[in-house]
Amino acid sequence: MALLRVVAGIAAAALVLGVAELVAVFTGTGSAPAYALGATVVDHTPDGLREWAIQSFGRNDKAVLFVCMGIVAVLVAGLAGWFERVTRPVGSVVFAVFGLIAAVIGAGRVGGFGGALPALIGTAAGILALRGLTRRIDDASTPPGSTGEAAAGSGRLVGPEADTAGGTVVGAGATAGPAAIRADESRAMVSAGRRRVLGGIAATGVLALGAGLAGRLLGGARGDVSAERATVELPGPATPLPELPADADLRVPGLTPYLTPADEFYRIDTALIVPQVSTADWSLRIHGMVDREIVLTWDDLARRTPVEYVVTLACVSNPINGDLIGNARWLGYRLDELLAEAGPRPDADMVLSHSKDGWTAGSPLAALTDGRDALLAIGMNGAALPIQHGYPARLVVPGLYGYVSATKWVTELEVTRFDQASAYWTRRGWSARGPIKTGTRIDTPRGRGRIPQGRTTIAGVAWAQHRGITGVEVQIDNGDWRPARLSTEVSIDTWRQWVYDWDATAGQHTIRARAIDDTGAPQTAVQRDVIPDGATGYPTLTLQVA
Ligand SMILES: Nc1nc2c(c(=O)[nH]1)N[C@H]1C(S)=C(S)[C@@H](COP(=O)(O)O)O[C@H]1N2
Ligand SMILES: [Mo]
């Protein structure tokens, strides 16, 4: 019966989540406890652990989070079920405590009592199920009538389990005569009871699954904007992007292409459920330290003419030789023009951009107004923004790491000051300012592999957004730094490919690369971690040449 109690606890907890998922269809996806708790964990994960998770699991970091939460939930629910008794509802109390916490968090995330409903109603259903299942288990452990009669016959209680409510174990066969018959009867009743328990658990499981699936389907269908995105019409840019120079992409095997396809573009955000924002509901409010607050709707944007630029976006969490960087064509509206319409006050120095899901980035006002191609982007590589990359609108600012500039699902630009406001990651220990550091990556040869002797192409990409790359140098085994050949520069806002031909000799070799930006000085050799404002150091590759 102990195992059944554990399973009953887990089934009841599944019912909590399933019912909550269904209620959340009406109160908003953000209020489902699994999501609300997960998002809270994301917001409060210590930096070291988060970086480790991003770097170990990459794109799967969110899946790993949910699996870990699932394991904890199963353990807690199992224990709650194990300890629950009809006369001693410890497990129910555990459910209630977790349910209340989830309700408070859900209300907080959705901003209202409605957000508490999924957890409250789900928990109520779960506790009812747990009570019902426990009653059946307790009954099955102590068949009705057996107590008095057996006690009369043998002076002890008959019960097959040690965990009956107040019962002691007795070997039913140990008593002879009429008592043994009664024990047989009670054994039959026990197995009938056991069937009732199993039936109850199965029914709870089916209900949980049904409610959860229905919730997911209805909720997903309700908010999903992928159909809208597929048909949304984007205006053409004022001037079409000029053809890329022929040698902007050197097309070397193993080398990252100059333009990153949208479906290969790295994705980083705190969103456990990708926000679904319809153009009909979207607007951008520019407010704070401005002369005139303005609100732009999607239709307002449609009356303007967009521009298109190529910009290389990079994540501050990108380790040396990492792939949290990508280059795309962005279609959008110049932020300097939009901000000018609102008229930022002279003493403002920061724009705190807010997303639909409550995330924020703090960009220097100067970086958005100094003439660089900072955009409110609505298109990526010739199509509407992919939902994961911020549909319908996001920010793209050349030269700033994403965490201080690239707000996806953007809804507000709050003009303010660095000494008055701080953004999501700054509150968690990252630098308030995040200019992109000059960097390079070796793309090929990859890994610690073996390569054959002879002519070998070493190649990679280098970036120093909004300053520009003027050179890349390669060093073999602590030898002299030698210049690599660069692809044609498209703009100072995008990365450049580089290639170095090497005559590989047998043995082990260490290869390093370093980029040179417009200052003429190579990037720093000092090795530093990504926290608080981006990694530094040379990418290094060790090779065995056969
Ligand atoms: N709403 C929202 N926007 C966000 C983030 C986020 O967590 N939430 N992360 C930022 C970070 S850290 C980076 S590096 C870029 C990544 O953009 P991408 O996912 O389109 O590559 O988005 C930025 N915009
Ligand atoms: Mo990032």
Side-chain angles (χ1 to χ4, degrees), residues 30 38-39 41-45 47 50-51 53-55 58-59 61-62 65 109 259-277 282 284 311-319 322-332 351-363 374-381 383-414 423-437 439 463 465 495 529-535:
V41 172
V42 168
D43 288 352
H44 297 282
T45 307
D47 284 336
R50 181 196 324 278
E51 281 318 300
I54 289 178
Q55 269 151 44
R59 287 162 203 260
D61 57 347
K62 294 181 178 95
L65 169 72
R109 294 205 83 88
L259 282 173
T260 315
D263 56 0
E264 283 166 34
F265 209 92
Y266 80 94
R267 174 192 166 199
I268 289 285
D269 54 60
T270 58
L272 292 178
I273 298 175
V274 180
Q276 306 282 328
V277 186
W282 179 87
L284 180 73
V311 177
T312 302
L313 207 66
C315 182
V316 69
S317 296
N318 195 26
D323 56 8
L324 300 179
I325 179 165
N327 186 46
R329 282 161 51 202
W330 305 98
L331 177 78
V351 173
L352 189 70
S353 47
H354 299 249
S355 74
K356 183 75 177 181
D357 60 334
W359 187 85
T360 52
S363 319
L375 288 181
L376 170 68
I378 57 166
M380 181 182 190
N381 290 344
L385 287 177
I387 299 173
Q388 298 193 337
H389 294 292
Y391 179 85
R394 72 172 304 169
L395 303 187
V396 172
V397 183
L400 299 183
Y401 284 123
Y403 84 107
V404 290
S405 67
T407 308
K408 305 191 272 190
W409 316 289
V410 65
T411 56
E412 270 176 61
L413 303 183
E414 179 184 349
Y424 186 94
W425 286 116
T426 307
R427 287 199 293 270
R428 290 164 176 79
W430 294 74
S431 169
R433 314 249 174 179
I436 295 178
K437 293 174 177 173
W463 58 87
Q465 286 93 317
W495 60 14
D529 191 25
V530 294
I531 300 177
D533 59 2

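Ligands are counted one by one from 1 in listed order, and the atoms in each one are counted from 1 as well.
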Should R433 and V404 count as side-chain neighbours, where that means a heavy-atom distance under 4.5 Å? no
Is any side-chain heavy atom of L65 closer than 4.5 Å to one of L272? yes
When you pair each N or O of ligand 1 with protein N or O atoms, which pairs come out under 3.5 Å?
unit_1, atom_1, unit_2, atom_2, d
ligand 1, 1 (N), S355, OG, 3.3
ligand 1, 1 (N), D357, OD1, 3.4
ligand 1, 1 (N), K408, O, 3.2
ligand 1, 3 (N), K408, N, 3.0
ligand 1, 7 (O), T270, N, 2.9
ligand 1, 7 (O), W359, NE1, 3.3
ligand 1, 9 (N), I268, O, 3.3
ligand 1, 17 (O), R394, NH2, 3.1
ligand 1, 19 (O), I268, N, 3.0
ligand 1, 19 (O), K408, NZ, 2.5
ligand 1, 20 (O), H389, ND1, 2.6
ligand 1, 20 (O), R394, NH1, 2.7
ligand 1, 20 (O), R394, NH2, 3.4
ligand 1, 21 (O), Y266, O, 2.7
ligand 1, 24 (N), A406, O, 3.0

Flag this pair as yes if the NZ/CZ of R428 is under 6.0 angstrom from the six-membered ring centre of Y424 and inside a 45 degree cone about the axis; otherwise no. yes
Over 60° means perpendicular and under 30° means parallel, so tell me whether W463 and W495 are parallel, tilted or perpendicular. tilted
Could you tell me whether the side chain of P398 reaches within less than 4.5 Å of the side chain of W330, counting heavy atoms only? no
Hey, is R109 close enough to D43 for a salt bridge, meaning N to O under 4.0 Å? yes
